[in-house]
Structure formats: structure tokens, C-alpha cells
2 protein chains.
Amino acid sequence: MTTRWLTPEEQRAWRAYIAGYLLLEDAIDRQLQQEAGMPHAYYSILANLSEAPERRLRMTDLAERLKATRSRLTYAVTRLEKDGLVRREDCEWDRRGSVAVLTDEGMATLENAAPGHVDTVRSVLFDRLTPEQVGQLEEIFTQVARGLQGDGGDAAAEDLPWRRRSSPCSGTP
Amino acid sequence: MTTRWLTPEEQRAWRAYIAGYLLLEDAIDRQLQQEAGMPHAYYSILANLSEAPERRLRMTDLAERLKATRSRLTYAVTRLEKDGLVRREDCEWDRRGSVAVLTDEGMATLENAAPGHVDTVRSVLFDRLTPEQVGQLEEIFTQVARGLQGDGGDAAAEDLPWRRRSSPCSGTP
DNA sequence: GGGGCTTGGTTCAAGTTTGAAACAAACCTA
DNA sequence: TAGGTTTGTTTCAAACTTGAACCAAGCCCC
């Protein structure tokens, strides 16, 4: 079958999106690197842990939430561990597992970095959008994410074998 | 002044956006890596060159369009050059300059990869959006990009010193 | 017309990401 | 309960990215 190319509207949207997200990610990364000494992805690790019960999450769980590969997370947590912001513990009831725990120092670092981060997100994104647009943004990307990971199982999702796992594991088995 | 945190709506939008774009970029990268042997950023280099007059663009120009750093582009073009998809030439009227040219082989590779790429973009993004949402997406990210690079010069843009350059240089001086 | 600043591009080291193994514990199931 | 598969995590090499130098060539201007 012959390719269904993008319509002019779709092309414009696609290009705008690419340019926008590259600049956006860049601005965020730079700000965090400067003020917190870590890239966005690492900040997200701290942020995610801080919201988890007991500030702890199993590696696979964390990877799932971050939409990151396991090996990426391993590397990142190792680095954060060296910095004393995160600690690794063994999973009680599953000797294979390992759990990342946010240390007090990690929490402090996070709280320290948060205001600057939020300011950036605001000035770069939300200050430029109307309330309706905020809703539209949520709607659009929720749909995209659902399609890509939700067990909706169409062609596009087939390529994401390992990104679908989950295993509630913060409290009791 | 105390931090203006994100509203619940903004938080939801921000999280949805993060998850969505990570999954999206991931799907795109994987598809291109598989079928064309290169990441999205490299594909974009070929695509941009293919649309330029004479299929050639000065390095800085190309970097500007790609929203990439110069050093990143240098590395990428070197790789593509090794693969024979791009060639470097000296800029005629500015002995400092160097120009990236899409080779015939590069064009062929691009044309070969394009259908699969478009299919992915469709299935992952546009097939899930209504026409109105396509318009909203364009609008939102156009605003973001303009704010971040446009010479609108507010605080957020201060951090992007080198990303603003431009120097029309494809045709005559 | 010789400093001195700017611009275009590359280089280099350090950090990060990727995907494909490798490993080990857990879970079947015959 | 031994053997095979699945699941959780790490390891490893190769690829990529970053930011800070660095080197030239243009530009200014006295």
C-alpha cells in the first residue's frame, strides 16, 4: 500500500512539536544541571521517590513510572547513590529485587531544587498557555501515552516489550 | 518571593506531557534505529538537507534548524559522512565555513526510510488525535518554541546564547 | 595594518544512553 | 524436585551528548 503522508496541517504540527520539545527539554535540562547538578531525568527519579510511600520504590517500578529502560535507571541510581541522594536496599520478600530509597540528603536536594525547576517550567511553558491549552496539552499527551503503553495492544505498542511491567511493591507483598 | 507551584491542572498536564513525549520519542527512535540504522536526530539531518536548495546547508544553519548544539552536529555529520550519506564541503565565500551536502546515497536512504517513519508518526500520534487537536498541538508548541528562541528576550531565553544564530548561506553570499 | 573582539567549526574528556548479554532468584510443571 | 522458563537487575561495549577549550578566519577601528 502506498504511504499516507502527513497532511500540511499535520506537518506543521509535527515540526512545531519537534522544535518546541527540543527547546523545552533543553531549557529544563540546562536549568537543572546548573542549579542542581543533574539532568531532568535524574531529578525525576528524586521526585518520584519523594512521592512514593516511605520514599522507596523498586527499580522496575521506578523505571516504569519514569518511562526509562532498566539499564538507564541502574546507571542513574548508581550515580545518585554516589552522591548520597539515594540508597539501595534489598527487597525483603523477593531476593532478586532491589529498592531505591530517597535519603534525607536526597530529599533536601530535591526541595532545594524544586522552586527553580517549577519557575522554569512555568516561564517556559505554562506562562505561555491559556487554561484551555493546558487542558488540551493534558488531553493530547494522555491519549498518546495511553496508546503507547496501555495494554491497548495495537501495532505501535508491540515494540515496547519491557516497558509494560509493573509490580506493586512498596508496602507488603 | 515564595514559589508559585503548579496548579493541579498544570501538574496533570505536565506529567502527561512528560510521559507522552518520552514514550513517543522512544517509539520513533526505535523504529528509525531498526529500519534505518540511525536515531531520530540523524534522520532529521537528512530530512532537513533534502529540503534545502541544492541539498546543502551550512553547519550553523543546520544546527539552528535542528535546535542542536554545534558540537552535536559535528559529531553526527562525521558519522553520516562515514556512512556516505552526507558530504562536507568548504564554504565558498567564507573560508571558516563548512557545508553539509546530502549525497545521492543519503537521499536514497532517506526516501527509503521515510514511509516507515511516517507510518510510525501516524500510528503513534496523529491517528489518535482529532483535527482540532492537531491544530492545538501546533499552536501550543509554536508558542513554546517562539518564546524559547524568538528574540522575545525574556528571562528564559537568556540561557540559550548560541542557539539563536542564523546566516542564510545556501545560495549566494 | 596590527591588536583585539566576534564568529564558524572542531576537538577533547567526562557523562549519559542504548541494546544485548550475563546472572540469579522465582516460578512452573512434569 | 529437577529442569526449564520467566522475571528483576546488573554489566559491558559501543554510540551519543555535553560544555568547555581551542583554532582559524572575518571584522573593527584606532
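All values below were derived from every heavy atom in this structure, side-chain atoms included, with hydrogens, water molecules and symmetry-related copies excluded.
Here the P atom of nucleotide D:dT7 and the CZ atom of A:Arg58 are 13 Å apart, to the nearest Å. Atom CE in A:Met59 sits roughly 16 Å away from atom C1' in C:dA24 (whole-Å rounding). Following rounding to the nearest Å, B:Asp90 (CG) and C:dT10 (C1') show an atom-to-atom distance of 14 Å. For the pair A:Arg30 CZ and D:dA20 P, the interatomic distance rounds to 10 Å; values are reported in whole Å. When rounded to the nearest whole Å, the span between CG of A:Leu32 and P of C:dT16 equals 13 Å. When rounded to the nearest whole Å, the span between CZ of A:Arg70 and P of C:dT17 equals 17 Å. We find that CG of A:Asp61 is positioned 14 Å from C1' of D:dT9, with the value rounded to whole Å. Distance, A:Arg72 CZ to C:dG15 P: 18 Å, rounded to whole Å.
As judged by a 4.0 angstrom heavy-atom cut-off over every strand, A:Ser98 is placed among residues touching the sugar-phosphate backbone only.
The side chain of B:Arg79 places no N or O atom within less than 4.0 Å of a non-bridging phosphate oxygen (OP1 or OP2) of D:dA15. In this model, the phosphate group of C:dT10 is not approached by any side-chain N or O of B:Thr78 to a distance below 4.0 Å at OP1 or OP2. Remark: A:Arg88 is in phosphate contact with D:dT10, judged by side-chain N or O atoms under 4.0 Å from OP1 or OP2.
The two atoms that bring B:Arg79 and B:Pro39 nearest to each other are NH2-CD, 4.2 Å, heavy atoms only.
Taking the six-membered ring where tryptophan is involved, the planes of B:Tyr17 and B:Phe141 are tilted, since the angle between them lies from 30° to 60°. Below 30°, between 30° and 60°, or above 60°: for B:His117 and B:His40 the angle between ring planes is between 30° and 60°, a tilted geometry.
Residue order along DNA chain C, read from the 5' end via each residue's closest nucleotide, puts B:Tyr75 first among A:Asp94 and B:Tyr75. Of the two residues contacting DNA chain C, namely A:Pro39 and A:Arg95, the nearest-nucleotide position lying further toward the 5' end is that of A:Pro39. If you find the closest nucleotide of DNA chain D to A:Gln33 and to A:Thr74, the one lying nearer the 5' end belongs to A:Thr74.
One N or O donor and one acceptor, one from the side chain of B:Ser71 and one from the base of D:dG19, sit under 3.5 Å apart.
For B:Arg4 and A:Asp127, the salt-bridge test passes: some basic side-chain N is under 4.0 Å from an acidic carboxylate O.
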For this session: Take B:Glu51 and B:Arg56, measure what salt bridge (Lys or Arg N to Asp or Glu O under 4.0 Å) needs, and give me the verdict at the end.
Result: CA-CA 9 Å; B:Glu51 291 169 355; B:Arg56 69 177 54 232; over 6 Å; no
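For A:Thr60, whose side chain is taken as the heavy atoms from C-beta onward, the closest listed nucleotide among D:dT9, C:dT17, D:dT18 is D:dT9.
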